[in-house]
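Counting convention: from 1, in listed order, for ligands and their atoms alike.
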Amino acid sequence: MANQNKFSLPRGTADILPQEVRLWQDIEAKARSLFDLYHYQEIRTPVFEETELFARSMGATSDVVQKQMLTLQPNQREGESGQSSKIFSLRPEGTASVVRSYIENSLDRKEALTKLFYIGPMFRGERPQKGRLRQFYQIGVEAIGPNSASPYLDAEIMGLSVALLKAFGVKDHVLKINTLGSLEDKQNVSTVLREMIGDQKASLCPTCQQRLDRNVFRVLDCKNQECQKIVAGLKLGVSLLSQQSQEYYAQVKKALGLLGVSFQEVPTLVRGLDYYTQVVFEITSPSLGSQDALGAGGRYNGLVQELGGSEGVDAVGFSLGMERIILARQAVPEPQARGVDVFVAPIDDKAFESAFQIMNTLRQQGLASDMSYKTASLKSQMRLADKLSARYVCILGEDEMNQNAVTLKDMTTGSQEKISREEIVEKIKKLVLT
Ligand code: HAM
């Protein structure tokens, strides 16, 4: 009976408790300082958007849109009042939302190239397993601008994703790259692929038999052994693409060389989302098991127009999965919390209110302070101060109250001295902050 009232964590989500949160904050702080260096600015968009936005961008036939959307209950009231009621879903990724915001806020008129980053939760109704959650966090960047495609920018984006992973302490990672060519190339290649694979359709897995018509590129990265055998026999490669796309790809690789970023070319790397054109990439870690992608991205030149923006706006970006970063990073010492500078310990009820005020003043002066919020024996308060690793304890007893003073105990040396109330802040500030 009692258990019926207990709630538990939804499947595929995680509580990040204070001890672990420090690690997350550390990763976020490192990301933010690198984004400053590369001049990317933060954008925050809502965690839900119109479902149609995701279907139009990621592709109606993509696995994410077909199977993993977490769609909100339609708003009954809106429907009742006769307004058209829109369907909303929790965002499965950040790119579509950023592009929606870019168009809606006419960011193309503000600067030639808008370089944005985001850090936040994404939601996909996947079958949970190690490294695969229903709510997970991404650190992502998107660089969008009219006629902004440049192989140097593609290389910078990939270089930045690698620099981030290095800063986080993930050493064991491989950057895999490929090119899909322009939108036109993609159409041509899909026709060629259908011809190449078509007569072996019966040997493909049932999913790939459907993919053959709907999105033949996805056959290339199917995990099924039979499909992989068929793919291994295909003549893939840049020769299927236009001269221009081939040159672009060659320039990106050269620019990666200029940055000293090593990479592996993988002609079967196609990505599961429809919006990509030209260069795509994925960063994997062998230490992660089956969910080995730490992050991924690529160029998506047609998406701004597809979502109602101007023609000719080019874009490139990537996102890294934070949970996977944490799983893959080598043992790095955990960042320590700031800790308590001063623990304020009133000995009895009479001293309590003064102690409470002193604590407030200390905080206003930039000193991290804490107390036990109920009167307790000095012994138990000292135990708590010790547990909180307080550097000083400010004791208020009867004598101190009578003399308008406090006793300041240095927890490192054990020495203590009585100081007047007026001096407390200056004295402690000098000790702690210098
Ligand atoms: P994505 O490959 O779908 O791309 O996701 C990027 C990364 O997010 C993955 O490599 C993985 O680390 C993490 N991730 C994805 N799904 C899950 C999950 N269920 N649980 C844990 N981690 C997950 C995108 O989302 C694109 N928006 C990337 C992009 C940005 N392309 C251009 N700009």
Scan the side chains in residues 253-269 for donor-acceptor partners under 3.5 Å anywhere in the protein, sequence neighbours excluded, and list what turns up.
from: K253; atom 1: NZ; to: E265; atom 2: OE1; distance (Å): 3.2
from: K253; atom 1: NZ; to: E265; atom 2: OE2; distance (Å): 3.4
from: E265; atom 1: OE1; to: Y249; atom 2: OH; distance (Å): 3.2

Below 3.5 Å, can you tabulate the donor-acceptor pairs from side chains in residues 162-174 to any protein atom, sequence neighbours excluded?
from: H173; atom 1: NE2; to: V170; atom 2: O; distance (Å): 3.2

Would you tabulate the polar-atom pairs, meaning N/O of ligand 1 against N/O of the protein, with distances under 3.5 Å, reported to 0.1 Å?
from: ligand 1; atom 1: 2 (O); to: R271; atom 2: NH1; distance (Å): 3.1
from: ligand 1; atom 1: 2 (O); to: R271; atom 2: NH2; distance (Å): 2.8
from: ligand 1; atom 1: 3 (O); to: R124; atom 2: NH1; distance (Å): 3.0
from: ligand 1; atom 1: 3 (O); to: R124; atom 2: NH2; distance (Å): 2.9
from: ligand 1; atom 1: 4 (O); to: R271; atom 2: NH2; distance (Å): 3.0
from: ligand 1; atom 1: 5 (O); to: Q138; atom 2: NE2; distance (Å): 3.3
from: ligand 1; atom 1: 8 (O); to: Q138; atom 2: NE2; distance (Å): 3.1
from: ligand 1; atom 1: 10 (O); to: A293; atom 2: O; distance (Å): 3.4
from: ligand 1; atom 1: 10 (O); to: G295; atom 2: N; distance (Å): 3.3
from: ligand 1; atom 1: 12 (O); to: A293; atom 2: O; distance (Å): 2.9
from: ligand 1; atom 1: 12 (O); to: L294; atom 2: O; distance (Å): 3.1
from: ligand 1; atom 1: 12 (O); to: G321; atom 2: N; distance (Å): 3.3
from: ligand 1; atom 1: 16 (N); to: R124; atom 2: NH1; distance (Å): 3.4
from: ligand 1; atom 1: 19 (N); to: E126; atom 2: OE2; distance (Å): 2.6
from: ligand 1; atom 1: 19 (N); to: L133; atom 2: O; distance (Å): 2.8
from: ligand 1; atom 1: 20 (N); to: L133; atom 2: N; distance (Å): 2.9
from: ligand 1; atom 1: 25 (O); to: R124; atom 2: NH2; distance (Å): 3.1
from: ligand 1; atom 1: 25 (O); to: Q138; atom 2: NE2; distance (Å): 3.1
from: ligand 1; atom 1: 27 (N); to: E93; atom 2: OE1; distance (Å): 2.6
from: ligand 1; atom 1: 27 (N); to: T95; atom 2: OG1; distance (Å): 2.8
from: ligand 1; atom 1: 27 (N); to: Y275; atom 2: OH; distance (Å): 3.1
from: ligand 1; atom 1: 31 (N); to: Y276; atom 2: OH; distance (Å): 2.6
from: ligand 1; atom 1: 33 (N); to: T95; atom 2: OG1; distance (Å): 3.3
from: ligand 1; atom 1: 33 (N); to: E142; atom 2: OE1; distance (Å): 2.8
from: ligand 1; atom 1: 33 (N); to: E142; atom 2: OE2; distance (Å): 3.1
from: ligand 1; atom 1: 33 (N); to: F318; atom 2: N; distance (Å): 3.3

#### Entry: Parallel, tilted or perpendicular: rings of W24 and Y137 (30°, 60°)
perpendicular
#### Entry: salt bridge (Lys or Arg N to Asp or Glu O under 4.0 Å) contacts in which one or both residues fall within residues 308-325, not counting sequence neighbours
none
### Query
Are side-chain N/O atoms of E184 and S182 paired as donor and acceptor at under 3.5 Å?
no
### Query
Any side-chain heavy atom of S203 within less than 4.5 Å of one from K229?
no
